[in-house]
Amino acid sequence: MTVVTRFAPSPTGLLHIGGARTALYNWLFAKHHAEYGTGGRFLLRIEDTDRKRHAEDAVEAIYDGLSWLGLNWDGEAISQFTRAERHAEIARQLLDEGKAYHCYCTPEELNEMREAARAEGRKMMYDGRWRDRDPADAPAGVDPVIRLKAPQDGETIIQDLVQGEVKVDNGQLDDMILLRGDGTPTYMLAVVVDDHDMEVSHVIRGDDHLNNAFRQTQIYRGLGWDIPAFAHIPLIHGADGAKMGKRHGALGIDAYRDQGFLPEAICNYLLRLGWSHGDDEIISRDEAVEWFSLEAIGRGAARFDADKLTNLNGHYIRQSEDSRLVDLVIPLLALSLKGTLDEGAESRLIKGMAGLKERAKTLPELAESAEIYAMTRPLRLNEKADQLVQGVGRDHLDSLRGRLTDVGDWNHEALENAVRAYADSADIKLGKAAQPLRAALTGRTVSPSIFEVIEILGRDEVLGRLDDVLKDL
RNA sequence: GUCCCCUUCGUCUAGCGGCCUAGGACAUCGCCCUCUCACGGCGAAAACACGGGUUCGAUUCCCGUAGGGGACGCCA
């Protein structure tokens with residue numbers, strides 16, 4: 001039997017971090033079974049039953065976010081809204097079979113029921129007043145809703161692949177609305193019908209849906225359909241332990257992209273947030289597909305930890321192809337340098353990326369450090385760098401300029417030897433010579449190996465930058 | 001309020017009755033490497049929420065308590 005999973009976001013906002021993890025787990029589970037089992041498919045369904053809450057750009061954000069993360073879905077994304085007629089048909093079928101009924105309650109009546117329940121400290125639910133009432137009593141001018149005639153005794157049990165066996169007293173569940181007064185389906189009906197029609201075998205979603213699983217189970221039973229396997233994964237909380245709400249870093253996935261995180265870092269982080277494979281931390285996409293299983297998902301909610309994500313991001317940056325990083329960094333440089341990239345910038349970036357990426361944890365950080373290869377002369381030195389080229393620093397630079405001019409083979413070994421020779425002759429530590437050089441050539445006190453920088457910058461640029469500084473003083 | 005779920009270092013977690021003087025990772029703090037900063041290496045500090053059981057033996061199983069979270073819409 002082939003495994004079919006689905007990611008079913010509602011297009012109300014953006015694809016946030018929790019949704020991304022849910023999508024990732026669904027994708028991995030399907031892929032795992034496609035490659036190591038008897039087949040697997042990952043589907044995408046937009047839950048836009050309520051047109052009021054449908055936003056086209058939100059749908060685009062979901063597509064973009066999933067694509068960026070590399071979570072491709074099989075076939076076309078399905079819009080739940082387009083299936084409304086099918087949903088209504090099922091509701092009517094249930095009605096005909098006597099498993100559902102018309103309810104003519106007004107919103108006001110429902111509100112009273114809720115208030116009363118609250119006052120008595122009971123769970124707020126519909127009292128079933130139209131369940132067995134004669135349809136002839138129907139008031140005129142009220143469009144009835146269709147409610148499920150849910151079982152009133154016994155209990156409903158679900159076997160959750162993450163949470164284990166979970167049961168609830170049927171007395172705790174009321175007769176839910178299947179079809180609204182205007183004939184449109186509710187979420188509860190739509191998910192069941194769609195999951196069934198799409199042949200979804202495993203429903204993997206946030207455990208805020210755990211309670212819904214009971215009600216959906218009742219609908220499946222009423223219809224006589226097979227119930228899919230459920231796997232309710234714990235929610236992700238903010239760093240302060242509170243729910244990841246709009247106020248708590250529930251940023252869209254695009255915000256993480258803008259902050260300079262790589263998709264593979266985010267996926268690796270999200271994978272480990274709530275799932276584990278022994279002590280493994282760095283897990284490639286292929287390993288994830290091979291190892292992923294529902295049993296290894298933790299049951300407690302996890303807090304989002306930006307530090308760990310950042311650390312992982314640094315790892316993936318170091319591992320990235322230099323050319324990819326150059327492509328990612330150039331637009332950022334164009335922005336920070338206001339469009340004035342030095343003409344040799346790109347080729348220097350390619351040569352220098354290996355040394356640069358070793359030191360960055362995010363793309364903006366990488367771009368900032370890469371400025372040293374893209375800036376046009378004369379450089380503006382920051383405060384600390386400026387201090388280094390004053391006084392004795394300046395004297396060393398003066399001498400160093402001559403030493404560098406004499407270097408024949410312009411490569412970092414030869415350059416380092418020249419500077420070391422100078423330091424020896426001046427009886428100073430290498431750092432006393434290297435730091436002023438770094439300051440003058442990069443405008444800052446931190447950079448990759450200064451000899452590597454000198455080599456990449458090239459003789460003309462180096463002597464030019466040195467002269468800029470020496471002339472200024 | 002009612003129902004459901006959860007509970008190992010600050011954080012993510014390993015652990016599926018004895019291998020645990022509880023392991024790893026991030027973060028923190030030392031030291032080393034060193035032209036700066038990173039990387040890397042070595043080391044330190046840091047946890048089984050509490051109380052009862054079950055058992056020869058509980059971090060692991062059961063029951064309470066406390067704490068946290070979620071759900072209670074003609075939203076999804």
Side-chain angles (χ1 to χ4, degrees), chain A residues 8-12 47-50 52-53 80 103 105 107 110-111 114 117-126 143-147 160 162-164 166-169 171-174 176-182 184-188 190-191 206-214 232 234-235 237 239 241-243 269 272-282 295 298-312 314-315 318 355-361 365 369 388 416 419-420 423 429-435 437-439 442 444-451:
Chain A
S10 74
T12 46
E47 309 250 297
D48 52 359
T49 293
D50 182 1
K52 291 190 293 288
R53 301 180 60 176
Q80 193 160 60
C103 167
C105 280
L110 259 16
N111 253 327
R114 237 169 257 133
R118 178 187 283 274
E120 292 170 38
R122 295 190 335 263
K123 195 178 173 75
M124 297 164 228
M125 13 184 253
Y126 170 65
D143 289 329
V145 299
I146 294 179
R147 284 183 185 272
D160 193 278
V162 172
Q163 308 291 344
V166 187
K167 50 187 161 187
V168 70
D169 236 44
Q172 295 296 327
L173 270 18
D174 63 2
M176 78 199 93
I177 292 175
L178 266 16
L179 212 62
R180 301 188 183 102
D182 64 2
T184 61
T186 59
Y187 160 78
M188 217 57 86
V191 230
D207 74 7
D208 49 338
H209 284 287
L210 186 55
N211 290 285
N212 292 336
F214 294 119
H232 289 93
L235 268 17
H237 290 174
K243 182 189 175 186
Y269 176 71
R272 280 289 289 108
L273 194 64
W275 176 87
S276 60
H277 183 264
D279 284 339
D280 294 311
E281 295 288 347
I282 304 288
E295 298 80 73
R299 308 212 278 174
R303 294 191 193 201
F304 185 82
D305 181 7
D307 281 340
K308 192 152 182 173
L309 204 210
T310 301
N311 173 274
L312 236 18
H315 169 85
R318 270 172 260 136
L356 255 19
K357 71 181 181 186
E358 198 70 30
R359 300 167 162 75
K361 287 192 162 68
E365 216 177 292
S369 67
L388 283 169
E416 177 165 353
V419 176
R420 278 190 188 278
K429 286 190 165 179
L430 183 57
K432 292 291 177 193
Q435 275 307 83
L437 263 183
R438 188 183 326 272
T442 69
R444 39 192 87 173
T445 54
V446 174
S447 82
S449 161
I450 192 60
F451 309 112

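As a basis for the values below, the full set of heavy atoms in this structure was taken, side chains included, without hydrogen atoms, waters or symmetry mates. The chains referred to below are lettered A, B, ... by the order of the sequence lines, with proteins before strands, and numbering in each begins at 1. Here the structure is a predicted model, which is why all the values come from computation and not from measurement.
Of the side-chain N and O atoms in R272(A), none sit less than 4.0 angstrom from OP1 or OP2 of A25(B). In this model, the phosphate group of G73(B) is approached by a side-chain N or O of R114(A) to a distance below 4.0 Å at OP1 or OP2. Here K361(A) reaches the OP1 or OP2 of C39(B): one of its side-chain N or O atoms lies under 4.0 Å away. Regarding contacts with the backbone of C39(B), every side-chain N or O of R359(A) stays at 4.0 angstrom or more from both OP1 and OP2. Considering only side-chain N and O atoms, S449(A) lies nowhere under 4.0 angstrom from the phosphate OP1 or OP2 of C35(B).
Comparing the P positions of C62(B) and C26(B) gives an interatomic distance of 34 Å, to the nearest angstrom. Comparing the same atom, P, in U21(B) and in A27(B) gives a spacing of 30 Å after rounding to whole Å.
Side-chain atoms of D207(A) and base atoms of G70(B) include no donor and acceptor less than 3.5 Å apart. The base of A27(B) is not paired with the side chain of K308(A) by any donor and acceptor separated by under 3.5 Å. You'll find a donor-acceptor pair under 3.5 Å spanning the side chain of N212(A) and the base of A76(B), going by distance alone. No N or O donor and acceptor, one from the side chain of R299(A) and one from the base of C6(B), sit under 3.5 Å apart.
Using a cutoff of 4.0 Å between basic side-chain nitrogens and carboxylate oxygens, R318(A) and E358(A) are not scored as salt-bridged. Salt bridge present: R420(A) and E416(A) bring a charged side-chain N and a carboxylate O closer than 4.0 Å. Checked for salt-bridge contact, K308(A) and E281(A) meet the test: a charged N lies under 4.0 Å from a carboxylate O.
Between L178(A) and M188(A), the closest side-chain pair of non-hydrogen atoms is not below 4.5 Å.
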